[in-house]
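Worksheet: the structure to be examined is printed underneath.
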Amino acid sequence: MRGSNQKILLMMVLVVLATARGEETGGGFVTWANNNYLTWGHQALVINETSELHLTLDHNSGSGFESQLIYGSGYFNVRIKAPQTKSTGVITSFCLISRSSRHDELCFQILGRNGSPYLLNTNMYLYGVGGKDQRFRLWFDPTKDYHSYSLLWKPNQLVFYVDDTPIRVYRKNPNAYYPSAQTMFLMGSVRNGSIIDPKQMPYIAKFQASKIEGCQTDFMGIDKCTGPSFWWNRKQLSSKEKKLYINARKMYLDYDYCSDRQRYPKVPQECASYS
């Protein structure tokens with residue numbers, strides 16, 4: 001995707017107006033603003049008084065954004081309206097990712113639909129190793145309206161939420177790697193994952209301003225973000241959330257790499273860390 005016609009730099013960045021630094025604070029409202037931060041793709045369209053960002057995918061390029069701020073823990077929520085498409089190769093993503101050769105990554109990927117229902121892939125990279133997909137059949141059409149996609153990242157637990165429903169929970173396990181050593185930044189994109197129908201172009205993914213409540217730090221400063229003064233580090237799943245989680249796994253789980261013996265003849269060690 002990064003040929004000569006795709007080297008258009010998008011100078012957009014997530015700016016958080018009220019970010020947790022060393023004490024518990026209220027949430028930061030996300031806006032979009034020019035901040036000399038370079039990323040890839042088409043120039044983004046900012047509308048609704050900076051509260052909404054449109055990213056475009058056409059035959060030349062996709063597009064994406066990255067936050068300038070770096071985090072060491074937090075609760076990260078973005079509302080997304082995915083592009084309508086019959087091409088499964090159109091992927092709309094929202095992720096936390098670290099900057100290293102052995103990177104950590106927590107990612108939502110809304111997949112284009114060729115039939116019903118739409119699929120949501122969740123993936124993790126743990127110390128540079130990916131392929132940890134869990135895929136869900138969405139119980140709504142993600143192209144008709146905005147829906148919330150949230151990541152709770154704390155020192156001993158990760159939770160992926162869709163709206164208010166937890167769909168994936170990963171707990172710290174002394175026998176497996178847990179992403180608590182590397183700081184991460186936010187990123188979002190719409191891109192071409194495989195063959196797409198050029199007749200349907202352009203595809204537009206819409207990202208809406210939301211609440212970001214994270215511990216802002218520097219590249220090597222994750223230790224300051226692990227304490228109980230931050231509400232998200234104290235949060236546990238409520239009884240209601242546990243019921244929603246069990247139901248979501250039962251009703252909507254489409255694929256789990258931990259159960260894929262053809263791909264992984266031996267169960268990956270970290271699979272014992274899932275609730």
Side-chain angles (χ1 to χ4, degrees), residues 1-3 5-6 8 10 12 14 30-32 39-66 76-97 105-123 133-151 160-165 167-168 186-211 248 251-255:
M1 289 182 58
R2 303 196 183 193
N5 293 329
Q6 295 125 17
I8 305 170
L10 170 64
M12 304 299 301
L14 265 163
V30 177
T31 186
W32 313 95
T39 183
W40 56 273
H42 290 284
Q43 182 69 39
L45 175 64
V46 182
I47 63 174
N48 295 344
E49 297 180 352
T50 77
S51 67
E52 186 172 295
L53 182 71
H54 290 190
L55 298 178
T56 300
L57 167 66
D58 65 13
H59 64 282
N60 286 325
S61 176
S63 55
F65 68 82
E66 298 177 358
F76 307 93
N77 170 266
V78 170
R79 289 169 56 80
I80 302 172
K81 186 176 181 181
Q84 287 188 315
T85 174
K86 294 181 180 179
S87 295
T88 57
V90 178
I91 301 174
T92 305
S93 300
F94 167 56
C95 311
L96 278 172
I97 185 169
E105 180 177 331
L106 317 173
C107 202
F108 289 103
Q109 298 169 318
I110 306 170
L111 307 180
R113 181 180 69 174
N114 185 10
S116 183
Y118 278 91
L119 296 176
L120 174 71
N121 191 57
T122 64
N123 192 15
D133 302 89
Q134 292 186 358
R135 189 166 55 243
F136 297 83
R137 299 179 297 275
L138 286 174
W139 51 96
F140 54 83
D141 185 338
T143 73
K144 297 296 185 183
D145 203 355
Y146 284 93
H147 289 270
S148 294
Y149 302 86
S150 308
L151 293 164
F160 291 69
Y161 288 89
V162 176
D163 292 329
D164 294 323
T165 299
I167 61 170
R168 182 172 184 171
L186 295 174
M187 66 170 292
S189 68
V190 59
R191 62 185 178 84
N192 175 6
S194 61
I195 298 174
I196 60 178
D197 185 354
K199 296 179 181 179
Q200 297 182 28
M201 292 180 175
Y203 302 101
I204 299 176
K206 301 177 181 179
F207 292 76
Q208 197 172 68
S210 193
K211 295 274 186 173
M251 298 297 296
Y252 305 115
L253 183 64
D254 182 71
Y255 171 82

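Quantities reported herein were computed from a predicted structural model and do not represent experimental measurements.
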Distance (rounded to the nearest 0.5 Å) between [X] [atom1] and [Y] [atom2]:
X	Y	atom1	atom2	answer
Leu53	Phe65	CG	CZ	6.5 Å
Phe160	Thr165	CZ	OG1	15.0 Å
Trp139	Asp163	CH2	CG	7.0 Å
Asn77	Leu151	CG	CG	9.5 Å
Gln134	Ile167	CD	CD1	8.5 Å
Asn121	Cys107	CG	SG	8.5 Å

Inset, instruction - Just jot down the ring-ring contact (aromatic ring centres under 6.0 Å, His included) partners of Tyr146, sequence neighbours excluded, or say none. - result: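 Per chain and number, Tyr146 pairs via ring-ring contact (aromatic ring centres under 6.0 Å, His included) with no residue.
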Inset, instruction - Report yes if the side chains of Leu120 and Leu111 come closer than 4.5 Å at any heavy-atom pair, otherwise no. - result: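 No, every pair of side-chain atoms sits at 4.5 Å or beyond.
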Legend entry - Residue pair Lys81 / His54, side-chain heavy-atom distance below 4.5 Å: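 Not in contact.
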Inset, instruction - Tell me, with the steps shown, if Val162 and Phe136 meet side chain to side chain contact (heavy atoms under 4.5 Å, CB included). - result: CA-CA 11 Å; Val162 176; Phe136 297 83; over 6 Å; no
Considering all heavy atoms of both residues, which atom of [X] and which atom of [Y] are nearest to each other, and what is their separation?
X	Y	result
Gln208	Val78	O-CG1, 4.2 Å
Pro117	Arg137	CG-CB, 3.6 Å
Thr92	Pro83	OG1-CD, 3.2 Å
Arg113	Tyr118	CB-CE2, 3.3 Å
Arg135	Leu119	CD-CD1, 3.9 Å
Gly188	Leu55	O-CD1, 4.0 Å

Legend entry - Derivation and outcome, side chain to side chain contact (heavy atoms under 4.5 Å, CB included), residues Leu96 and Leu186: CA-CA 5 Å; Leu96 278 172; Leu186 295 174; 3.3 Å; yes
Legend entry - Candidate pair Lys206 and Arg79, rule side chain to side chain contact (heavy atoms under 4.5 Å, CB included), full reasoning: CA-CA 8 Å; Lys206 301 177 181 179; Arg79 289 169 56 80; over 6 Å; no
Inset, instruction - May I ask you to decide if Ser189's main-chain N or O and Ser93's side chain share a donor-acceptor pair within less than 3.5 Å? - result: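 No: the side chain of Ser93 does not pair with the backbone of Ser189.
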Inset, instruction - Let me see the working for Ile80 and Phe207 under side chain to side chain contact (heavy atoms under 4.5 Å, CB included), right down to the final yes or no. - result: CA-CA 5 Å; Ile80 302 172; Phe207 292 76; 3.7 Å; yes
Inset, instruction - Decide if the gap between the ring center of Phe108 and the ring center of Tyr149 is smaller than 6.0 angstrom. - result: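 Close enough - the centres of the two rings lie under 6.0 Å apart.
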